Amino acid sequence: MSVEDPHSFSDFTQGLIQHINFEIEVNFVSHTLGILANYHLDRPVTGSFFLDTRDLQIKRISQDGKNVEWELDMEDDILGQRLHLHELDQVSEFSIQLKTSPGASALQWLQPTQTAGGLHPFLYSQCQMLHARSIFPCQDSPSVRFTYNATIKAPEALKAVMAAESMGDMREGGSTVSSFHMPQPIPSYLFALAIGELVFQEVGPRTGIYAEPSIIDAAVWEFEENEEKLIQAEKLLGPYLWDRYDLLIMPPAFPPGGMENPRLTFLHPSIIVGDRSATYVVTHELAHAWTGNLVTNATWEDFWLNEGWTTYAELRITELLEGKDVEQLIWHLKRTAMHDAMANFGYESRFTCLSYSQEGVDPDIVFSSIPYAKGAAFLVCLEEAAGRDVFDAFIKHYIETYQFTSITTDEFIAFLLENLPEAAERVDIEEWVHHPGFPESAPQLSSKLYDEVESAISAFTKGILPEKKTVKNWRALQVIQFCLDLQNQEVTIADCKYFEDLFGIDDSASAGLRRAFYLFAIPAGYEDIRPGIERYVEQVGRSFFLMSLYRCMVKVDWTREFARSLFEENRHRHHPITVKSNDAILTEAGL
Ligand code: BES
Ligand code: ZN
């Protein structure tokens, strides 16, 4: 089976990368990685071989010590540059010596002041969507999988980690050389490394946490339940095939809330709230170990197979751990985010479909909550049509059938029709997958926890503000949902002041709560929050949170005025991906 991937220059019929040996040397002065990469292909290649790259400085390509002719012969804003190896003669192994660019889109080089400890620099990678190609030449498509070994040479005061098995560290002069081994084949977007002042602590036999020393204790408390989470996840999804499940707590500039790098989820520090209210992000990244990392979307056009399935699994695990009512409350939050995204694109936009052509489309720019919540709702529909027991058997069969492979939406539908024919008959698959908007027939949500939020909103519309004693018993996520629902209400500046005090916004450790507050307080014209917004943008680098904030700011006069300058002041703090997506919002708004 050969996949067409609109986001790769590769030609998969030429041969496939099967294994890579990396020797990586980190240079914190020039902000570059020096890399020697040795490639093994799945067959001998004769003639041309194409690889994806972005801003790489290629020094030499060789085979058995002989130079290989190459050129960068195609260039595209979204895809980067095509590396063309010429006139290969039965070649199944070659080496590339290269240097990354200081602006490599996958890498962020942090100053000591941008870390928790403040004393040492920090480097990390974020390869999803199309950024692995800015570290090493590859067939940068989720349809291609390879194993790898790697060594990382870094200053000895720092610790290097990878989303791979650690094979130990060795001193070499003033440096440490750390070795890694990734025996399970992964797609390029799951390649990941980080280097900083890191310590490790176990929370269970298969689970542990890497973090900077000053935050390790808080992290251990917040994520103490990870081993139990893993056990519950296995009940739903089958055996965990990646050996360990560790977390790496990132510096605040890390763009996503969490990234499912295999064996080692990279987690934004704002997930440590102090009350475990954001740990559903860990549940989500853990679920990716099956849906995404074992069964992978073949291209980013099939992104909903990764995120819709993972959102579905996340919620099922939450139900096992915390009950139906909490699960349904989290569903409300996800639906709210999805509707916001649909309103942004327009309900008729093709970007609201689960599957559509992404030819000429940058997947980072069209990223939204839609494949998550619409995809998961589609799966709930199928579950309801099949019955839970039948669907649970289907889930395990699906994962077992496709583990360590990548599949397209069409392949999934064919599998569905074959294995759940009766349920598939009763669900309008065509509408769910190929039509824009959110189907009327979507499952209804029902949660007592949400009902409390809803009645507080309905009281608010009659001029009655919620009292402290009511809100005191609310869960953190109820407060967030309440604030998000206030976006659709007439809110006065006096109301804003009341809620700011009621919910303790100023000293809240919850980035999610502060965001939800700003999203209604900005349109309400509450100008006193300007310093708070400025601090927020400086302290919370989460790209998806910032995107929603900037989208809101550009629509309202008083914030529109300073949105661009605020962004420019913080540009140097952000990851290149965060810069790109947020810059696009401002530019599109004419700023
Ligand atoms: N894989 C995504 C993060 C991602 C998406 C990185 C697109 C780069 C491009 C991850 O699994 C994710 O979805 N994280 C969410 C949290 C989740 C609970 C919805 C996030 O970062 O907010
Ligand atoms: Zn995800």
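As the structure lists them, so they are numbered: ligands from 1, and atoms in each ligand from 1. All heavy atoms count here, side chains included; hydrogens, waters and symmetry mates do not. Because the structure is predicted, anything quoted here is derived from the model rather than measured.
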Just wondering, are more than 12 heavy atoms of other shown residues or ligands nearer than 6.0 Å to CD in Glu400?
no
Tabulate distances under 3.5 Å between N/O atoms of ligand 1 and N/O atoms of the protein, writing both atom names on each line.
{"residue": "ligand 1", "atom": "1 (N)", "partner": "Gln128", "partner atom": "OE1", "Å": "2.9"}
{"residue": "ligand 1", "atom": "1 (N)", "partner": "Glu260", "partner atom": "OE1", "Å": "2.7"}
{"residue": "ligand 1", "atom": "1 (N)", "partner": "Glu260", "partner atom": "OE2", "Å": "3.3"}
{"residue": "ligand 1", "atom": "1 (N)", "partner": "Glu307", "partner atom": "OE2", "Å": "3.1"}
{"residue": "ligand 1", "atom": "11 (O)", "partner": "Glu260", "partner atom": "OE1", "Å": "3.0"}
{"residue": "ligand 1", "atom": "11 (O)", "partner": "His284", "partner atom": "NE2", "Å": "3.2"}
{"residue": "ligand 1", "atom": "11 (O)", "partner": "Glu285", "partner atom": "OE1", "Å": "2.7"}
{"residue": "ligand 1", "atom": "11 (O)", "partner": "Glu285", "partner atom": "OE2", "Å": "3.3"}
{"residue": "ligand 1", "atom": "11 (O)", "partner": "His288", "partner atom": "NE2", "Å": "2.9"}
{"residue": "ligand 1", "atom": "13 (O)", "partner": "His284", "partner atom": "NE2", "Å": "3.3"}
{"residue": "ligand 1", "atom": "13 (O)", "partner": "Tyr372", "partner atom": "OH", "Å": "2.6"}
{"residue": "ligand 1", "atom": "14 (N)", "partner": "Gly258", "partner atom": "O", "Å": "3.3"}
{"residue": "ligand 1", "atom": "14 (N)", "partner": "Glu285", "partner atom": "OE2", "Å": "3.1"}
{"residue": "ligand 1", "atom": "21 (O)", "partner": "Gly257", "partner atom": "N", "Å": "2.6"}
{"residue": "ligand 1", "atom": "21 (O)", "partner": "Gly258", "partner atom": "N", "Å": "3.4"}

Of all the N, O or S atoms in Glu307, which has the shortest distance to the Zn ion (ligand 2)?
OE1
My understanding is that only residues two or more places apart in sequence, or in another chain, count here; which of them pass side chain to side chain donor-acceptor pair (under 3.5 Å) with Thr207?
Glu227
Using the ring centroid of each side chain, check whether Phe438 and His339 are separated by less than 6.0 Å.
yes
When the ring centroid of Tyr312 is compared with that of Phe378, is the distance short of 6.0 Å?
no
Please name all residues satisfying side chain to side chain donor-acceptor pair (under 3.5 Å) with His131, sequence neighbours left out, ordered by chain then number.
Ser105, Asp364
Does anything in residues 271-291 pair up under ring pair (Phe, Tyr, Trp, His ring centres under 6.0 Å), and if so which pairs, sequence neighbours excluded?
Tyr240-Trp290, His284-His288, His284-Tyr372
Side chains of Arg515 and Tyr536: closer than 4.5 Å at any heavy-atom pair?
yes
Atom name, His288 (N, O or S, nearest to the Zn ion (ligand 2)):
NE2
